[in-house]
Colleague: 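Sharing a structure here in structure tokens format.
In what follows, every chain begins at residue 1, and chains take the letters A, B, ... in the order their sequences are listed.
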Amino acid sequence: MLNFGTKEGDFIRKITKYVFEIPKEKNMKVDAYIFTDEKGLKEITEAIEQLKNVASLPGIVKAAYGMPDIHWGYGFPIGGVAAFDVEEGIISPGGVGFDINCGVRLLKTPLLYNDVKKHLEKLIQKIYEIVPVGVGSTSKKFNKKDFKNIIEKGVKGAIEIGYGYPEDLECIEDNGHITPASIKDISNKAYERGREELGTLGAGNHFIEIQMIEQIYDKKVANKLGIVENQIIIMIHTGSRGFGHQVATDYIQLMRNSFKNLSIPDKQLIYAPFKSELGQKYFSAMNCAANYAFVNRQIITHYIRIVLSELFNSSAQLIYDVAHNIAKLETHIINNELKKVIIHRKGATRAFGPNRNEIPQKFKQIGQPVIIPGDMGTASYLLVGTDESENIAFSSTAHGAGRLLGRRQAIRQLKLNKILSKLHKSGIIVKSKNKKTIIEEAPEAYKDIDKVIEITNYLSLSKKIARMIPLGVIKG
DNA sequence: ATGTTC
């Protein structure tokens with residue numbers, strides 16, 4: 001047994017290449033597993049403690065999992081997966097994250113690099129002009145009827161009022177519609193914040209990126225997905241904006257008030273029993289925010305389609321849209337039995353293999369597409385779910401590069417000019433509202449995405465299909 | 001991540 005931890009008794013056992021086990025100890029109800037290497041393990045001391053805390057929560061089943069991009073987060077680590085029994089278990093806002101259904105959407109255009117290389121600056125500029133970006137950015141104010149329809153019915157509700165096409169639906173996780181979701185469980189404050197932020201990008205690590213398919217690893221699957229090398233791809237990374245943030249804030253407060261004497265190792269791990277009235281209300285409110293985030297990406301897609309039509313007389317089709325901050329009711333194999341659980345994926349992506357019933361016909365042979373973005377100026381990947389991953393971590397995979405430096409730490413250590421000149425040298429066009437964001441989101445503040453994907457692919461958490469490189473990026 | 005310490 002190797003001792004990697006900083007505290008006494010903090011034992012971690014290497015199982016195979018890239019798999020580390022923390023056998024249950026003290027209050028832990030199950031073991032924990034982390035998918036990383038020796039170097040990665042040394043960078044995540046706080047996240048390891050957080051994962052052990054998660055493994056001690058009531059009703060957790062099988063094990064707690066840390067994806068290759070795991071790092072410190074609010075209560076639960078980001079890059080963490082934990083499933084709870086629906087009868088005995090809990091639901092926790094900290095296990096979802098403040099940005100409910102933060103996620104990634106990938107659009108394919110019929111354009112190749114040569115078609116756009118002379119117009120790249122203009123393309124970026126036009127998208128930057130049409131999509132509101134930055135903290136506090138707003139769009140049009142939706143009326144109550146449309147807003148209710150959107151948060152309860154998701155993307156279907158948005159298509160009804162002209163944002164996109166019915167064929168978009170099967171290329172979105174859960175068809176962009178999660179239930180139960182009732183506006184009755186949303187506070188006025190969340191409603192007021194939410195209805196004028198639909199169709200805005202936000203800030204932080206959120207971005208719109210113009211990318212090119214640099215390399216294809218599996219031609220057969222790429223054919224099915226309709227992608228070729230040198231093709232122009234557009235990636236949208238955003239979430240539920242102030243709406244999801246308000247839902248999380250509201251329910252953390254309600255849970256604190258209801259369960260004052262709860263003994264938990266970290267007060268950020270506040271939860272409600274899943275079956276309790278408050279647990280069910282948070283589930284419904286969280287689903288409203290999840291639907292909101294899918295629609296946010298749908299409306300931004302609508303804006304991008306307008307730009308592509310104007311500039312190139314062209315359009316864009318969805319490849320896929322994934323959620324990477326969410327809790328869901330799913331069925332998984334536990335002790336050789338099918339069991340219904342409330343699975344929390346925080347900074348982790350669902351990666352269903354071909355054999356899952358939930359997969360639409362279109363992806364039945366290849367598995368669910370998975371999108372893993374890099375950080376600003378680095379590569380991103382398209383992958384597919386595998387049947388093997390069900391036995392590894394409830395069909396879950398990584399969600400991004402994962403932070404290495406905290407935001408404040410990045411500002412202290414990194415220099416804006418250096419970051420910008422490096423991006424410029426790589427030929428990447430950057431449009432940004434806020435210089436501070438550029439420093440916080442610099443590649444040096446993140447882990448190496450190629451390493452994250454190597455581990456992910458090696459373990460079959462998901463299988464890599466294509467690598468995309470950025471040509472231009474829009475940030476808040 | 002966030003009307004960035006409602």
Colleague: Throw together a table of side-chain donor-acceptor distances under 3.5 angstrom for residues 265-275 of chain A, partners on residues two or more places apart or in other chains.
Modeller:
unit_1	atom_1	unit_2	atom_2	d
D266(A)	OD1	Q268(A)	N	2.9
Q268(A)	OE1	G75(A)	N	2.9
K275(A)	NZ	E87(A)	OE1	2.8

Colleague: Grab the CZ-C1' distance between F243(A) and dT2(B) for me, whole Å please.
Modeller: 15 Å
Colleague: Between atom OH in Y74(A) and atom C1' in dT5(B), what is the gap in whole Å?
Modeller: 14 Å
Colleague: Just how far, in rounded Å, is P of dT2(B) from NZ of K436(A)?
Modeller: 13 Å
Colleague: At under 4.0 Å between heavy atoms, what does R407(A) touch on the DNA or RNA strands: base, sugar-phosphate, or nothing?
Modeller: base
Colleague: Over all strands shown, is A248(A) touching base, sugar-phosphate only, or nothing at heavy-atom distances under 4.0 angstrom?
Modeller: nothing
Colleague: Indicate, with a heavy-atom threshold strictly under 4.0 Å, whether E192(A) touches base, sugar-phosphate, or nothing.
Modeller: nothing
Colleague: Select base, sugar-phosphate, or nothing to describe what E440(A) touches, counting heavy atoms under 4.0 Å on all strands.
Modeller: nothing
Colleague: Do the two ring centres, one from F142(A) and one from F147(A), sit under 6.0 Å apart?
Modeller: no
Colleague: Rounded to whole angstroms, how far apart are CG on L201(A) and P on dT4(B)?
Modeller: 18 Å
Colleague: Does K156(A) have any side chain to side chain donor-acceptor pair (under 3.5 Å) partners at least two apart in sequence or in another chain, and if so, which?
Modeller: none
Colleague: Is it true that atom CG of N188(A) has more than 12 heavy atoms of other residues, nucleotides or ligands lying nearer than 6.0 Å?
Modeller: no
Colleague: In whole Å, what is the span from the NZ atom of K475(A) to the P atom of dT4(B)?
Modeller: 19 Å
Colleague: Within this structure, what is the CG-to-C1' distance between N296(A) and dT2(B), rounded to whole angstrom?
Modeller: 14 Å
Colleague: Write down the distance between CD1 (I100(A)) and C1' (dT2(B)), rounded to a whole number of angstrom.
Modeller: 12 Å
Colleague: Do K431(A) and Y128(A) form a cation-pi contact, if we require the NZ or CZ to be under 6.0 Å from the six-membered ring centre and within 45 degrees of the ring's axis?
Modeller: yes
Colleague: Pick the nucleotide of DNA chain B nearest each of S137(A) and K189(A); which residue has the one closer to the 5' end?
Modeller: S137(A)
Colleague: Considering heavy-atom distances to DNA chain B, does T249(A) or G136(A) have its closest nucleotide positioned more toward the 5' end?
Modeller: G136(A)
Colleague: Taking CG from N325(A) and P from dT2(B), how many angstroms apart are they, rounded to a whole number?
Modeller: 11 Å
